[in-house]
Amino acid sequence: METDTTPITGLVLHFRTPEKTLACLNSLQREGVCKAVVVDNSEDGGRSIAAMRDELGALRNAGLDVEVLNPGRNLGFAAGVNTGLAHLAAAQFCHVLLINSDARLAPGALDQMCLALQTAPVVAPRIAQGNQSPTSPFAYYDRLLGLITNSPAVMPLRYASGCCLLIHVNQARLPLFDQDFFFYGEDVMLGFTTEQNHLAERECPQAIAIHATSSSAQNGSIFYEYHINRSHWLLVRKLARNPLEQFMFVAARCITLPLRALVRSLRFRSLVAWRGLFEATTDVLRGRCRSFTPPSSTAS
């Protein structure tokens with residue numbers, strides 16, 4: 001098998017957590033990545049990027065060319081990634097390593113993922129959260145029930161976590177992610193579209209990415225509850241292949257989403273889950289989306 005000499009560019013979304021973004025970028029530099037594009041989703045006037053100025057300079061001196069894109073507002077995950085891809089498409093021909101700012105590559109991970117990329121358009125490493133053992137990046141979204149499971153259920157859709165993906169240059173084209181999703185659900189949709197196009201996302205068991213536990217959004221916050229529920233309702237329409245399936249999906253979620261809100265309201269002793277469900281349902285029917293303000297301790 002011939003060696004692939006196509007360059008690899010890192011693509012990282014940043015949200016107000018300089019220390020996590022720097023740890024991520026340092027891991028890319030150690031793995032031999034020569035260029036990284038950081039999309040600043042902080043919506044903080046550039047303050048958190050400015051706090052990294054010296055460290056970014058040191059990374060550039062160490063051989064990692066870091067370029068920061070500042071759209072001036074929080075675009076959300078899907079649109080943020082697509083913005084970075086559009087910039088890369090205009091600048092160079094490269095494979096793209098999409099990685100969360102709160103994740104970092106373990107030593108040797110990128111070499112293994114590059115080997116796997118020769119036989120698949122999208123490659124995902126195993127994910128280690130905190131001190132836990134690495135697990136598969138793949139899960140199953142049940143198209144009927146709207147449940148996420150580790151094994152196939154009623155109408156399963158296999159998809160890879162968007163935490164860390166190495167994307168072949170031929171696949172790294174717009175729109176990679178569906179921008180109707182602000183946060184959550186876009187990775188499920190990517191799994192669906194690759195399946196529809198008869199492509200396959202592949203796991204690379206020899207590679208590991210370390211992902212900070214529950215740092216993407218504060219579990220139980222209105223930001224989390226709203227966007228989780230909104231993504232479930234959007235997936236009803238997008239995953240249904242015919243009107244009968246759409247009717248079934250709506251009916252099933254009229255049961256599963258209120259049950260989810262009930263369980264979470266009891267767990268957190270709060271009505272935020274119900275508020276998130278109500279406002280997400282209302283906004284989907286009206287065709288709008290509110291971003292809310294993510295908790296300041298999170299990374300997008």
Side-chain angles (χ1 to χ4, degrees), residues 11 13 75-86 96 98-100 116-117 119-125 127 135-204 216-217 226-254 256-257 260 280-281 283-285 287 289 300:
L11 176 55
L13 301 191
L75 299 175
F77 184 85
V81 170
N82 287 346
T83 295
L85 289 176
V96 176
L98 172 62
I99 183 168
N100 281 11
L117 194 67
T119 57
V122 179
V123 173
I127 307 298
T135 59
S136 172
F138 284 95
Y140 292 88
Y141 183 82
D142 193 285
R143 294 169 55 239
L144 175 62
L145 302 175
L147 301 177
I148 297 174
T149 59
N150 292 323
S151 57
V154 183
M155 298 179 68
L157 169 63
R158 184 174 180 262
Y159 72 98
S161 165
C163 164
C164 181
L165 298 172
L166 182 59
I167 305 165
H168 194 279
V169 61
N170 294 335
Q171 187 69 16
R173 56 183 183 269
L174 297 173
L176 181 67
F177 286 113
D178 187 331
Q179 294 184 191
D180 286 346
F181 298 91
F182 184 85
F183 211 82
Y184 305 115
E186 65 286 321
D187 48 1
V188 177
M189 198 63 209
L190 178 62
F192 181 71
T193 55
T194 53
E195 179 185 273
Q196 293 294 99
N197 292 327
H198 305 289
L199 301 173
E201 299 171 311
R202 177 180 171 185
E203 177 180 345
C204 182
S216 292
Y226 175 85
H227 286 293
I228 282 285
N229 282 286
R230 182 175 179 274
S231 72
H232 281 301
W233 284 124
L234 289 177
L235 287 168
V236 164
R237 172 169 52 86
K238 294 176 180 291
L239 300 183
R241 297 187 174 98
N242 53 60
L244 176 59
E245 279 195 351
Q246 182 165 335
F247 174 79
M248 292 167 55
F249 294 174
V250 169
R253 280 161 183 74
C254 285
T256 57
L257 292 184
R260 177 189 178 277
T281 303
D283 283 0
V284 167
L285 291 173
C289 173
S300 64

Review point. Is there a side chain to side chain contact (heavy atoms under 4.5 Å, CB included) between E186 and L176 once you walk through the steps?
Key: CA-CA 9 Å; E186 65 286 321; L176 181 67; over 6 Å; no

Point to revise | Derivation and outcome, side chain to side chain contact (heavy atoms under 4.5 Å, CB included), residues L157 and L239 | key: CA-CA 9 Å; L157 169 63; L239 300 183; 4.1 Å; yes

Practice item. Check the pair Y184, H227 against ring-ring contact (aromatic ring centres under 6.0 Å, His included), reporting the backbone distance first and the verdict last. Key: CA-CA 7 Å; Y184 305 115; H227 286 293; 7.2 Å; no

**Study point:** side chain to side chain contact (heavy atoms under 4.5 Å, CB included) between F182 and L75, worked out
**Key:** CA-CA 7 Å; F182 184 85; L75 299 175; 6.0 Å; no

Review point. Can you check side chain to side chain contact (heavy atoms under 4.5 Å, CB included) on L165 and V123, steps first, answer last?
Key: CA-CA 6 Å; L165 298 172; V123 173; over 6 Å; no

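For residues 146-156, there are no side chain to side chain donor-acceptor pair (under 3.5 Å) pairs, not counting sequence neighbours. The list of salt bridge (charged side-chain N to carboxylate O under 4.0 Å, His left out) pairs with a residue in residues 147-173, not counting sequence neighbours, is empty.
Smallest separation of non-hydrogen atoms from A124 and A160: CB-CB, 4.2 Å. Contact between L235 and G185 at its shortest, heavy atoms only, is CD2-O, 4.1 Å. The minimum heavy-atom distance between N229 and A280, with the atom names listed, is CB-CB, 3.7 Å. The minimum heavy-atom distance linking V96 with A172 is given by the pair CG2-CB, 3.9 Å. Closest of all the heavy-atom pairs between E203 and S136 is OE1-OG, 3.0 Å. Taking every heavy atom of both residues into account, N82 and P175 meet most closely at ND2-CB, 4.0 Å.
The side-chain heavy atoms of R230 and T281, taken from C-beta on, include no pair separated by under 4.5 Å. At a threshold of 4.5 Å between non-hydrogen side-chain atoms, the residues I228 and R260 count as touching. Side-chain contact check for Y159 versus E195: every heavy-atom pair is 4.5 Å or farther apart. The shortest distance between side-chain heavy atoms of L11 and I99 does not fall below 4.5 Å. Using a 4.5 Å cut-off on side-chain heavy atoms (C-beta onward), D180 and R237 make contact. At least one side-chain heavy atom of F77 sits under 4.5 Å from a side-chain heavy atom of N100.
For the atom pair CE (M189) and CZ (F181), the distance works out to 6.0 Å, reported to the nearest 0.5 Å. One finds the CG atom of L85 at 8.5 Å from the CZ atom of F177 (value rounded to the nearest 0.5 Å). In this structure, the separation between OG1 on T83 and CD on Q179 is 6.5 Å, given to the nearest 0.5 Å. We find the CZ-CG distance between F192 and D178 to be 11.0 Å, quoted to the nearest 0.5 Å. The distance from the NE2 atom of H168 to the CG atom of L117 is 5.5 Å, given to the nearest 0.5 Å.
Using modelled atom types, no side-chain atom of N197 and backbone atom of L199 make a donor-acceptor pair closer than 3.5 Å. Not a single donor-acceptor pair under 3.5 Å links the side chain of D142 to the backbone N or O of A153. Put simply, the side chain of T256 gets close to the backbone of L145: a donor and an acceptor are under 3.5 Å apart.
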Atom pairs and distances, side-chain donor-acceptor, residues 245-254, under 3.5 Å, sequence neighbours left out:
residue	atom	partner	partner atom	Å
E245	OE1	R143	NH2	2.6
E245	OE1	R241	N	2.8
E245	OE2	R143	NH2	3.4
R253	NE	H232	O	3.4
R253	NH1	R143	O	3.3
R253	NH1	L144	O	2.9
R253	NH1	F249	O	3.2
R253	NH2	Y141	OH	3.0
R253	NH2	R143	O	3.0

